[in-house]
Every structure is written in structure tokens, then in C-alpha cells.
Amino acid sequence: MTKKECRQKYLKLRNDIPASQKAEFDKILTDKILSLPEFESAECILLFASVGSEVDTWDLFSECIRQNKKVYFPKCIDGERMEFLRAASKNDFTVGKYGIPEPISDEKYISNSKNDLSLIPALAVGRDFSRLGYGKGYYDRFLKTFKGISVCPVYSGLLCESVPTDEFDIQPKIIITPTESIRR
């Protein structure tokens with residue numbers, strides 16, 4: 001199966017999760033992320049701004065703010081790269097490229113400490129730590145130089161043995177589903 005076919009398959013599976021079940025899964029995933037020792041020790045948390053059927057990151061964002069974590073979200077700069085900008089409330093966003101909320105702040109993420117934690121979006125992940133993203137390569141380019149811990153939260157039905165990858169695809173360090181946590 002090609003990457004394009006896999007993206008279509010897993011997007012449909014994700015979109016077909018009933019709203020009540022998705023809300024339950026999101027709560028479990030948020031609680032599991034909050035209980036990670038890496039989360040507790042992180043000063044900077046990099047989140048993706050979830051939209052549609054993606055794993056919800058907004059409750060996690062609220063909890064990060066409550067715990068006085070510095071929280072950053074991506075902003076697409078051009079067709080090749082993104083940078084992370086700080087957000088302190090849900091009012092700190094505007095609709096950006098691809099219809100995804102982007103922070104309006106000027107405060108760029110520059111820490112890049114091994115203790116920083118970044119959540120990485122995915123359509124599906126493999127138990128071999130292969131990750132199927134959306135095909136633009138933004139996160140792969142970012143992860144190439146990111147020194148912290150990358151965590152990929154996905155719903156259980158989107159965890160498989162392996163997904164197609166290319167040589168430039170970067171693997172997450174931790175995969176979290178509602179029923180499993182897998183580390184490499």
C-alpha cells in the first residue's frame with residue numbers, strides 16, 4: 001500500500017470514531033501524557049493545534065498553562081519549515097495555513113533542551129516507530145534537530161505493525177495510545 005493509500009485509510013478510520021468514544025480516548029491520552037515523567041520534568045512543551053478528528057490537545061494545553069509550563073505551537077513559515085511560537089491562552093491564536101490555528105505571539109521556541117517535550121501528530125504509527133504524517137514533512141524537518149523527547153499520541157486503531165516510510169522520516173521516542181505506551 002502506498003503512503004497516499006495509507007493516509008486515506010487511516011484518516012477514514014480516525015474520522016469514523018464516534019464523538020463520545022473520541023472524547024473518552026482524548027481524556028485517557030491527556031491523562032497518560034500528563035503522567036509521563038518526561039512531561040513532569042519538561043519546562044517547555046511543544047504541542048500541535050489539533051483540528052478535526054486529530055487527538056485533542058486543547059485540554060492538555062490548559063493543564064500545561066495551569067502548571068506554569070511554557071507552551072509552544074507550530075506556525076508554518078513557508079512551504080518547507082515551521083517554527084514554534086509561545087501561547088499562553090486559547091485567545092493567542094489565529095487561523096493559519098491549512099486552516100490550523102497558529103499562535104500570534106512573537107516569542108519563538110529557542111530552548112531545544114533534552115528535557116523539552118514535543119507532541120507529534122500522526123495519521124498512524126507502527127510498533128516499529130514508523131510514523132505516517134500528513135505528507136508535507138514539516139515535523140520530520142523539525143525532529144531532525146530537536147533534542148528533546150518526541151511523543152506521538154494516536155488512537156488504538158491507528159497503531160499497526162508498520163507504516164510506509166522514506167529515508168527522511170524521523171521516528172518518535174514514545175508512542176501513546178489509550179491502552180498502550182511504547183518506548184524506544
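Sequential numbering from 1 along the given sequence is applied to the chain's residues.
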**Asked** If Ile, Leu, Val, Met, Phe, Trp and Tyr residues are connected whenever their side-chain heavy atoms lie under 4.5 Å apart, and connections chain through other members, are Ile174 and Ile45 in the same group?
**Response** yes
**Fill in**
Of all heavy-atom pairs linking Pro37 and Arg183, the shortest is CD-NH2, 4.1 Å
**Asked** Lys69 side chain to Phe39 main-chain N or O, any donor-acceptor pair under 3.5 Å?
**Response** yes
**Message:** Out of the candidates Asp26, Thr177, Thr179, Leu13, only one should pair with Tyr155 under the side-chain contact (heavy atoms from CB on, under 4.5 Å) rule; please name it.
**Reply:** Asp26
**Message:** Is any side-chain heavy atom of Phe146 closer than 4.5 Å to one of Tyr109?
**Reply:** yes
**Message:** Could you tell me if the side chain of Lys3 sits less than 4.5 Å from the side chain of Asp166, heavy atoms only?
**Reply:** yes
**Asked** So, the side chain of Thr57 versus the backbone of Phe48: is there a donor-acceptor pair under 3.5 Å, distance only?
**Response** yes
**Message:** Please determine whether residues Phe25 and Leu34 belong to a single hydrophobic cluster, defined as Ile, Leu, Val, Met, Phe, Trp and Tyr linked transitively by side-chain heavy-atom distances below 4.5 Å.
**Reply:** yes
**Request:** Can you run down the side chain to side chain donor-acceptor pair (under 3.5 Å) pairs that involve residues 40-49, sequence neighbours left out, and say none if there aren't any?
**Result:** Glu43-Lys70
**Request:** Mind listing the closest non-hydrogen atom pair of Ile120 and Ser150 along with its distance?
**Result:** CG1-CB, 3.8 Å
**Asked** Quick one: is the NZ or CZ of Lys144 closer than 6.0 Å to the six-membered ring centre of Phe168, and within 45° of its axis?
**Response** no
**Asked** Same hydrophobic cluster for Phe73 and Tyr98, using side-chain heavy-atom links shorter than 4.5 Å among ILVMFWY?
**Response** yes
**Prompt:** In terms of the angle between their ring planes, are Phe93 and Phe61 parallel, tilted or perpendicular, with boundaries placed at 30° and 60°?
**Reply:** perpendicular
**Item:** Any donor-acceptor pair under 3.5 Å from Ser105 side chain to Ala87 backbone
**Value:** no
**Request:** Would you give the length of the straight line joining atom NZ of Lys4 to atom CG of Leu132, rounded to the nearest 0.5 angstrom?
**Result:** 13.5 Å
**Fill in**
d(Ile170 CD1, Thr165 OG1) to nearest 0.5 Å is 10.5 Å
**Request:** Start with the C-alpha distance between Arg86 and Cys44, add both sets of side-chain angles, then the distance that settles side-chain contact (heavy atoms from CB on, under 4.5 Å), and finish with yes or no.
**Result:** CA-CA 10 Å; Arg86 190 163 180 192; Cys44 296; over 6 Å; no
**Prompt:** With the threshold set at 4.0 Å, does a side-chain nitrogen-carboxylate oxygen contact exist between Arg127 and Glu161?
**Reply:** yes
**Request:** Side-chain contact test, heavy atoms from C-beta onward, threshold under 4.5 Å: evaluate it for Leu119 versus Leu60 and give yes or no.
**Result:** yes
**Steps toward side-chain contact (heavy atoms from CB on, under 4.5 Å) verdict (Phe142, Leu46)** = CA-CA 11 Å; Phe142 164 72; Leu46 286 69; 3.5 Å; yes
**Fill in**
Heavy atoms of Lys136 and Arg141 approach each other most closely as O-NH2, 3.0 Å
**Message:** Given 3.5 Å as the limit, does a donor-acceptor pair link the side chain of Lys32 with the main chain of Glu180, or not?
**Reply:** yes
**Request:** Could you walk me through whether Arg66 and Glu63 pass salt bridge (charged side-chain N to carboxylate O under 4.0 Å, His left out), step by step?
**Result:** CA-CA 5 Å; Arg66 193 187 73 69; Glu63 185 58 26; 2.7 Å; yes
**Asked** Are Leu36 and Leu29 co-members of a hydrophobic cluster defined by side-chain heavy atoms under 4.5 Å apart?
**Response** yes
**Prompt:** Side-chain heavy atoms under 4.5 angstrom apart, residues restricted to Ile, Leu, Val, Met, Phe, Trp, Tyr: same cluster for Leu47 and Trp58?
**Reply:** yes
**Request:** Taking the six-membered ring for Trp and the single ring otherwise, decide whether the centroids of Tyr72 and Phe84 are under 6.0 Å apart.
**Result:** no
**Message:** side-chain contact (heavy atoms from CB on, under 4.5 Å), that's the test. Do Tyr134 and Leu123 meet it? Break it down for me.
**Reply:** CA-CA 7 Å; Tyr134 294 94; Leu123 285 164; 3.7 Å; yes
**Item:** Nearest atoms (heavy-atom pairs only) where Asp16 meets Lys12
**Value:** OD2-NZ, 2.6 Å
**Item:** Interatomic spacing from OG in Ser130 to CD1 in Ile175 - rounded to 0.5 Å
**Value:** 7.5 Å
**Request:** Please list, chain by chain and in numerical order, all residues satisfying side chain to side chain contact (heavy atoms under 4.5 Å, CB included) with Arg184, sequence neighbours excluded.
**Result:** Phe129, Gln171, Lys173
**Request:** Mind checking the OH-CG spacing from Tyr139 to Asp169? Nearest 0.5 Å is all I need.
**Result:** 15.0 Å
**Message:** Less than 4.0 angstrom from a charged side-chain N to a carboxylate O is my criterion; do Asp59 and Lys27 meet it?
**Reply:** no
**Request:** Using modelled atom types only, decide if a donor and an acceptor are shared between the side chain of Glu38 and the backbone of Leu117 within a distance under 3.5 Å.
**Result:** no
**Request:** Please confirm whether the backbone N or O of Pro121 pairs with a side-chain atom of Arg131, one donor and one acceptor, at under 3.5 Å?
**Result:** yes
**Request:** Check step by step if side-chain contact (heavy atoms from CB on, under 4.5 Å) holds for Thr30 and Asp56.
**Result:** CA-CA 8 Å; Thr30 296; Asp56 186 273; 5.6 Å; no
**Message:** Can you tell me if Asp106 has over 12 outside heavy atoms packed within less than 6.0 Å of its CG?
**Reply:** no
**Nearest heavy-atom neighbours spanning Pro178 and Val154** = CD-O, 3.5 Å
**Prompt:** Given side chains that start at C-beta, do those of Val55 and Ser50 come closer than 4.5 Å, heavy atoms only?
**Reply:** no
**Closest heavy-atom pair and its distance - Asp128, Ser162** = OD2-OG, 2.8 Å
**Heavy-atom donor-acceptor pair, Gln8 side chain to Glu5 backbone, under 3.5 Å** = no
**Request:** Determine yes or no for a side-chain-to-main-chain donor-acceptor pair under 3.5 angstrom, with Asp92 supplying the side chain and Ser89 the backbone.
**Result:** yes
**Complete:** Between the CD1 atom in Ile176 and the OG atom in Ser35, the distance rounded to the nearest 0.5 Å is 7.0 Å
